[in-house]
2 protein chains.
Amino acid sequence: MNGVTRREQLRAATELDIRRHARELLVREGQEAVTLRAIARELGITAPALYRYYDSREDLLHRLSEDICDDLSAELSETMRGIEDDHLSKVFAVCRGFRSWALTHPREFGLVFATPGGNAGANAGVDAREPAPTATTVPATRSDELGSVFLGVVGPLMAEGANNSPPPRIPEELRAGLADSQRDLAAAFNTHGIEMPPEALSAEAVYMLLRWWARLYGQVALEVFEKFPFDVSHADRLFESMLEELGREAGLYR
Amino acid sequence: MNGVTRREQLRAATELDIRRHARELLVREGQEAVTLRAIARELGITAPALYRYYDSREDLLHRLSEDICDDLSAELSETMRGIEDDHLSKVFAVCRGFRSWALTHPREFGLVFATPGGNAGANAGVDAREPAPTATTVPATRSDELGSVFLGVVGPLMAEGANNSPPPRIPEELRAGLADSQRDLAAAFNTHGIEMPPEALSAEAVYMLLRWWARLYGQVALEVFEKFPFDVSHADRLFESMLEELGREAGLYR
DNA sequence: TTCCCGAGTTAACGGCGTTTACTTCGCACC
DNA sequence: GGTGCGAAGTAAACGCCGTTAACTCGGGAA
């Protein structure tokens, strides 16, 4: 009848259960408490059984971090559903959503956005690394919902602002490098099925995008890790003022 | 003759040796390879002996991160020794120095600047946390060389720019919070023995300082953790352009 | 000279990731 | 309806790990 056997159903169910308990441990007790034995204990099975589902603890953490990305994407999408204003408002909403998600999920944030290298979690879109796996393999890594959300909200803004934003004085040495990024970004928009007029992908727009991400990430990471030089009780207002500033610089305000 | 006994000398020497080997492990194989047993092995000693020097592995990592801060401070000071230009150039030099240190010491950067909470490594200056230890204890935590370096280079710039920087339009809701930060910052300058005219500590200046740190930290962390949305081969030029932009916004350029 | 105390050791505990060899049992096939 | 394969799970073991407790031993103060 159905193309999925009972065995596959069960397998998928416990696979999900494993990551559910893993995540609970991550949230409750931190990354190093996410232990194969602890997960197995909570599931009422023995640790080696987990190797039927994951190659190693590291593999499990990697999948977990992908789950987290997907959940973040879903939350951001949901947040944005209520916003029907202009494109800039949506971008603001996503930024605020990202911040409050990070502050309420510090452990998840740490795993996904502050683990060096291969994690691949947060490269929202392209990921042109890896030496190309003999071609013919299209889906490659994963859905990358998060990239879609970010690009989906930034895209329209870029398209709209294509010819009304003031040129932000790009240093000449940067233009060559930005051209590469332009190609990458165009490919990403394409991959995620967002149509984007080529003239909207100006070097200025790419530069703007990079600055948005750098500042958003910086401010949020500083808050999550509590690495501000002194206690800033007004971090939320600081964040708002950063957004306002970015909007102003993008020449898209009001 | 000397106020320090032979015993104390030896103790200090091995204490240093322990952290030297710990650091080597951190750099070579990452944080989770910094193992009491591994350190002891390299020292030709057994693991429990380390408990004569540190309360726990966590304690050791904490001290190690303080060491790292001190080394970073030393490196930044050294870098700055060659700069005899205006104050802005020195700030630029420190920022560039911080970036290149982070890129050449990613593991150390991760330990000090991306470990949440108590680590206390990177709160460059004040650290008004902790419930005040009954007073009478002045030195409290540690030297905090890093705070001195940063403040020492930012201070003169703030003093100089006291009345020639354009007001950066601070949102009204921010001013109250910034007033708190002003006090904290003033206390920090005082603690580090840097004289600072009170009128130089305007809300604008504090706001500027926070933005500098947020952007510097953000860009550097993005590079270290490779979390840029796509591969930016031109990250160095992006960084330079960020510095230029910050300088321009501070109204202190040229 | 005596004796203390601190650096270091040995042995042990429980927990960890991972591998190997094994049981068990659902389910596809004849 | 029986047969057998393969997947899910287990038990035991290996070598790590942090940490504790009980000890040795020797340098230096009394």
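Convention: sequence-line order gives letters A, B, ...; per-chain numbering from 1.
- The base of D:dA7 lies outside donor-acceptor range of the side chain of A:Arg52, with no N or O pair under 3.5 Å.
- Using a 4.0 Å heavy-atom distance criterion, A:Ser56 is classed as a sugar-phosphate-only contact.
- The interatomic distance linking B:Arg11 (CZ) with C:dG6 (P) rounds to 9 Å, in whole Å.
- Distance check: A:Ile39 CD1 to A:Leu50 CG gives 6.0 Å after rounding to the nearest 0.5 Å.
- Nucleic acid contact class of B:Tyr53 (heavy atoms, under 4.0 Å, all strands): sugar-phosphate only.
- Looking at A:Arg57, its side chain does come within 3.5 Å of a backbone N or O of A:Val34 through a donor-acceptor pair.
- You'll find that the side chain of B:Pro48 is closest to D:dT20, out of D:dT20, C:dA7, C:dA12.
- Toward the 5′ end of DNA chain D lies the nearest nucleotide of A:Thr46, the other residue of the pair A:Thr46 and A:Arg37 mapping further downstream.
- Here the side chain of A:Tyr51 is nearest to one of C:dA7, C:dA12, C:dT18, namely C:dT18.
- Among the nucleotides D:dC17, D:dT19, C:dG17, the one closest to any side-chain atom of B:Leu36 is D:dT19.
- Residue-level contact check: B:Ile45 touches the backbone only, with heavy atoms under 4.0 Å from sugar-phosphate atoms and none from bases.
- Nucleic acid contact class of A:Arg57 (heavy atoms, under 4.0 Å, all strands): sugar-phosphate only.
- As judged by a 4.0 angstrom heavy-atom cut-off over every strand, A:Thr35 is placed among residues touching the sugar-phosphate backbone only.
- The side chain of A:Arg41 sits closest to C:dG15 out of C:dG15, C:dA7, C:dT18.
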